[in-house]
There are 2 protein chains.
Amino acid sequence: MTKTESTKSRILDAAEQLFAERGFAETSLRTITTRAKVNLASVNYHFGSKKSLIQAVFDRFLQDFTKELSLELMTLEQLQPVQLEAEKLLNALIKPLLSLNSRRDNAISIFMRLLGRAYAETQGHLRRYVTDKYGHVLVRFTHLFQKGYPKLTIDQIFWRLHYMLGSMIFTLGGSDALRQISQADFNRDLGVEDVIKEMVPFLAAGMKA
Amino acid sequence: MTKTESTKSRILDAAEQLFAERGFAETSLRTITTRAKVNLASVNYHFGSKKSLIQAVFDRFLQDFTKELSLELMTLEQLQPVQLEAEKLLNALIKPLLSLNSRRDNAISIFMRLLGRAYAETQGHLRRYVTDKYGHVLVRFTHLFQKGYPKLTIDQIFWRLHYMLGSMIFTLGGSDALRQISQADFNRDLGVEDVIKEMVPFLAAGMKA
DNA sequence: GTATGTTTCAAACAGTTGTTTGGAATTGAT
DNA sequence: ATCAATTCCAAACAACTGTTTGAAACATAC
């Protein structure tokens, strides 16, 4: 049992890293199993198929994330509308994100990049899987925004939430590469946490616009 | 010569559409040549390799886009700092984008999705190709922002520009799917042009924050 | 220790991929 | 009409893909 767990999680570790780096189609099972130091057939034995492995990678991330996010939302849902400032709402999203990074190195960047790739899969099966299984927290988030900013129409909120998601996925997912450029150009290095901090006023201002 | 051009451009048409839909690795040359109704070998004959075909698809888009954008930037570069409001700068980016759509259906969405995919290619060769060949317009854009908003530090501008890019690529690239959701949820349909118009106040507020 | 169920492993499977090849068809110039 | 160059095309290539198989190794319970 303990040997099995180590095989499964070694596969998941290697897979999530490689998927984030290269994408799903560009990562072969042989590359994954080689890096994980397990036999090729063990992916199909433990996960059934490559597609299921991809979903398992997402599940491990999203379970951690949505659990923490859900807690944050619960406390917010007991506040008065006036207390629901955009900054506070953004922090409810950012706190669970930051705590991902404390578990594994680079987890934020990997997670965001995976989300971006899931979103780009226009064939749709993965995006549908994610939204079906974890979309309800996004709905709760939308409701909170509606409550805090009743002057905004519901589709204004819908779109602004997606503008926000785009900023986060794009910059945090690519933050490694962007930070390299930034460092080369301005000789200044920001950690992911700093990039997030820089992002809050930008997003909050846009939300309130 | 005219037959050749029609083959080359038929390949480009089919390729850019399929690449945007499914991604580069997920699109085979056989799928492309079948849709383009040309022989399989003609891709390698006319473009050399699949990799070069991808670059050719980007070149066709980016030449059109950067030419128009460059014109917009030239007129802006002759203005006084006080006149360089964020909204005006954003329009310099949006106008060339909208004019893409007048040439081919769905061009904005396709273009943005391609940019997103190029950006996600972390192996890097495509992103480097794009930034090397067309990055100078982005630099000019940065300079304009610096001029209009001298109180912002240079890396604040750098990052905010990327927040903005993320919003645009994410929402416009996925606008088809998102608009479907939006329509299903609120029974209201926005065109791409409307989504862009909605985006301007959001982004402008963030830039000025 | 034997029997039972679980996990690993090397090997092979059928299918798809990008690319190459050599000859046929087409084109344009003289 | 003749020649040369360009373009097209069917066929084949080797390399790689995800998955399956059947036996070996291992663990667990009696």
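Lettering of chains follows the sequences in order, A, B, ..., and the numbering in each one begins at 1. Here the structure is a predicted model, which is why all the values come from computation and not from measurement.
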Separation of atom [atom1] in [X] from atom [atom2] in [N], rounded to whole Å:
X	N	atom1	atom2	value
A:Asn44	C:dC13	CG	P	17 Å
A:Tyr45	D:dA25	OH	P	17 Å
B:Leu18	C:dG18	CG	P	12 Å
B:Leu53	C:dT17	CG	C1'	15 Å
B:Arg22	C:dT17	CZ	P	10 Å

key: Which nucleotide in D:dT19, C:dT6, D:dT7 has an atom nearest any side-chain atom of B:His46   = D:dT7
message = Heavy atoms from C-beta onward define the side chain here; which of D:dT19, C:dC9, C:dT19 lies closest to that of A:Asn39?
response = C:dC9
ask   = Does B:Arg160 make a cation-pi contact with B:Tyr149 (under 6.0 Å, within 45 degrees of the axis)?
value = no
request  = Please confirm whether B:Lys8 makes a cation-pi placement over B:Phe47, using NZ or CZ under 6.0 Å from the six-membered ring centre and within 45° of the ring normal.
outcome  = yes
ask   = Is the shortest side-chain N to carboxylate O distance from B:Lys147 to B:Glu77 below 4.0 Å?
value = no
ask   = Do the charged groups of B:Glu16 and B:Arg60 touch, with an N to O distance under 4.0 Å?
value = yes
query = OP1 or OP2 of C:dT8 sitting under 4.0 Å from any side-chain N/O of A:Thr7?
reply = yes
Give me the distances for all protein-to-nucleotides 12-17 of chain D N/O pairs that come in under 3.5 Å?
residue	atom	partner	partner atom	Å
D:dT17	OP1	A:Ser28	OG	3.2

query = Should we say atom CG of A:Asp132 is surrounded by more than 12 heavy atoms from elsewhere, each under 6.0 Å from it?
reply = yes
message = Please enumerate all residues that pass side-chain hydrogen bond (donor to acceptor under 3.5 Å, both in side chains) together with A:Glu68, with sequence neighbours excluded.
response = A:Ser99
